[in-house]
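Order of listing sets the numbers, starting from 1, for every ligand and every atom in it.
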Amino acid sequence: MIKDLSQFVNQEVTLKGWLYNKRSSGKVKFVILRDGTGLLQCVYFKGNVTDEVFELADSLGQESAIEVTGKVKVEPRASGGFELDAYGLKLISESHNYPITPKEHGVEYLMDHRHLWLRSTKQTAILRIRHRLVKAIRDFFDNCGFTLMDPPILTPAACEGTSTLFETNYFDLGKAYLTQSGQLYAEAGAMALGKVYTFGPTFRAEKSKTRRHLTEFWMVEPEVAFADLNNDMDLAEEFLEYIVQTVLKDKEEELKILERDTTLLKNVKKPLPRISYDEAVDILMKNQIEFEYGNDLGGTDETVISNQFDRPVMVHHYPAEVKAFYMKRDPQNDKFALAVDVLAPEGYGEIIGGSQREDNYETLLSRIKEHNLPQEAFEWYLDLRRYGSVPHSGFGLGLERTVAWVCGLDHVRETIPFPRLIYRNTP
Ligand code: 4AD
Ligand code: MG
């Protein structure tokens with residue numbers, strides 16, 4: 001593989017891949033090979049190679065599958081630090097009129113060709129960072145004594161409000177819904193195992209056409225028995241520090257390809273600032289932002305608030321009215337939910353939403369009724385409060401928003417291989 005070439009300096013190697021680009025200047029042909037791990041310039045001198053090879057190098061179309069052979073040379077000016085003094089070239093399969101050329105294309109055109117766009121240097125860098133984040137997320141929880149628990153995707157009821165449900169017919173049992181969150185099941189898991197996390201796709205029929213919303217996205221959701229809101233925030237800051245610092249350490253090359261200024265990412269260390277909703281509203285007032293007290297924070301509000309800090313900020317104690325039915329209210333003032341959102345800097349907004357859960361049977365039952373949720377569908381969830389209920393908390397981190405933030409992208413559509421958006425479900 002191209003990434004391993006440092007072990008083969010001055011040795012002959014044969015590599016398989018695709019033609020990324022080519023140039024020629026008289027007696028020399030430059031073939032840029034792409035193999036998924038990097039790019040390699042292969043230099044063919046007319047005098048050193050057969051006529052067939054020289055002609056083949058000339059005729060190859062972009063993204064032709066090829067096999068090259070040559071000697072590895074140190075070349076400090078080349079991207080990976082190496083070049084191939086090449087003599088062998090075999091065509092594996094042709095490619096003509098590849099739809100994505102080195103010239104600029106519009107975003108919708110690229111999205112229509114997402115299956116091919118994935119081959120570009122920038123997209124592969126994003127995919128590698130996403131992969132590293134996923135692994136860091138798993139490593140963090142695995143090393144902290146959490147058990148991974150996979151929740152169902154077809155569910156009988158809403159978790160995060162009834163307005164964003166995808167519904168489907170489920171045989172003789174009526175409607176089923178694509179899960180909006182694994183949380184309710186994670187709560188059952190926490191009562192069984194103490195500390196669990198779910199990590200999988202979640203779905204929201206979001207009518208919003210913003211740079212932060214997908215209809216299908218991945219969420220990781222830890223849930224911990226005997227944890228209160230403060231414990232939840234402690235976990236969130238420890239977790240964020242670990243995943244961001246891990247990516248900075250391991251994915252330097254990719255971040256460079258994306259031209260990411262990592263100054264602020266380096267600050268992602270605990271303790272993260274913690275402010276209440278009321279303090280957040282004060283910040284909005286000081287910045288002359290029009291805002292009605294009691295509303296949820298909007299995207300612009302989040303940007304103004306997070307701009308006051310040099311690292312992610314945790315906003316806690318939101319008005320209970322704007323938050324989910326399962327959140328426990330503050331015993332000191334039941335207008336507030338024991339909720340926390342973590343807002344990323346640089347305008348990325350909410351990446352984590354979490355809370356302490358309502359653990360009292362009667363209170364939870366009345367919340368279910370207030371929210372007009374079907375009680376039968378929540379009987380199993382109420383059982384968790386009937387049989388040995390304990391204080392417990394958790395949160396959900398949106399993977400794509402986190403990838404967008406870490407990579408410095410201006411839209412979540414490039415953070416997932418095949419994005420699902422309100423106006424797009426292809427390719
Ligand atoms: O704040 P949310 O809705 O919280 C929950 O779903 C809780 N059940 C989590 C929990 O406590 N276990 O979503 C959590 C995160 C958001 O902060 C955001 O990062 C991401 O999920 N998210 C989305 N990402 C992309 N597109 C969407 N439509 C998203 N909706 C939420
Ligand atoms: Mg939220």
May I ask you to list the atoms of ligand 1 that are less than 4.0 angstrom from any heavy atom of [X]?
| X | result |
| --- | --- |
| Met219 | 6 (O), 13 (O), 14 (C), 15 (C), 21 (O) |
| Tyr326 | 7 (C), 8 (N) |
| Gly353 | 1 (O), 9 (C), 10 (C), 11 (O), 17 (O) |
| Ile352 | 17 (O) |
| Ser181 | 6 (O), 8 (N) |
| Gly354 | 11 (O) |

Polar atom proximity, [X] to ligand 1 (N or O, under 3.5 Å):
| X | answer |
| --- | --- |
| Leu214 | yes |
| Glu221 | yes |
| Ser355 | no |
| Phe217 | no |
| Pro222 | no |

N, O or S of Glu350 under 2.8 Å from the Mg ion (ligand 2): yes

ring-ring contact (aromatic ring centres under 6.0 Å, His included) assessment of Trp18 paired with Tyr98: CA-CA 12 Å; Trp18 295 263; Tyr98 186 68; over 10 Å; no

Spatial distance of atom OG (Ser276) from atom CG (Asp282) [nearest 0.5 Å]: 7.5 Å

Tell me which part of [X] gets within contact of ligand 1: side chain, backbone, both or neither, using heavy atoms under 4.0 Å.
| X | value |
| --- | --- |
| Arg357 | side chain |
| His213 | both |
| Phe203 | neither |

Candidates Phe199, Phe140, Phe141 - the one meeting ring-ring contact (aromatic ring centres under 6.0 Å, His included) with Phe146: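 When ring-ring contact (aromatic ring centres under 6.0 Å, His included) is applied between Phe146 and each of Phe199, Phe140, Phe141, only Phe141 qualifies.
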
Heavy-atom nearest neighbour of atom 25 (C) of ligand 1 within options Glu400, Met327, Arg212: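 Heavy atom nearest to atom 25 (C) of ligand 1 belongs to Arg212.
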
Shortest reach to atom 13 (O) of ligand 1 by a heavy atom, considering only Gln180, Arg204, Glu160: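 Looking at heavy atoms only, Arg204 sits closest to atom 13 (O) of ligand 1.
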
Leu421 side chain reached by His411 side chain, heavy atoms, under 4.5 Å: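 His411 reaches Leu421 side chain to side chain.
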
Look at the aromatic rings of [X] and [Y] and report parallel, tilted or perpendicular, splitting at 30° and 60°.
| X | Y | result |
| --- | --- | --- |
| His113 | His115 | parallel |
| Phe395 | Phe239 | tilted |
| His317 | Phe336 | perpendicular |
| Tyr318 | Tyr277 | tilted |

Tell me: protein heavy atom nearest [atom], and distance?
| atom | result |
| --- | --- |
| atom 18 (C) of ligand 1 | Arg401 NH1, 3.6 Å |
| atom 19 (O) of ligand 1 | Ile351 O, 2.8 Å |
| atom 15 (C) of ligand 1 | Gly396 O, 3.7 Å |
| atom 1 (O) of ligand 1 | Glu350 OE2, 2.9 Å |

Validation row, ring centre Phe378 to ring centre Phe325 under 6.0 Å: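 Yes, the ring of Phe378 comes within the 6.0 Å limit of the ring of Phe325, centre to centre.
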
Centroid-centroid under 6.0 Å between Trp117 and Tyr109 rings: no

Row check, Phe30 ring normal vs Arg23 NZ/CZ: under 6.0 Å, within 45°: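 That pair qualifies as a cation-pi contact.
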
Short side-chain donor-acceptor distance under 3.5 Å, Glu414 and Gln123: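 Yes, a side-chain donor-acceptor pair sits under 3.5 Å.
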
Short side-chain to backbone donor-acceptor contact, Asn231 and Asp228, under 3.5 Å: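 Indeed, once roles are kept as given, a pair shorter than 3.5 Å links the two residues.
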
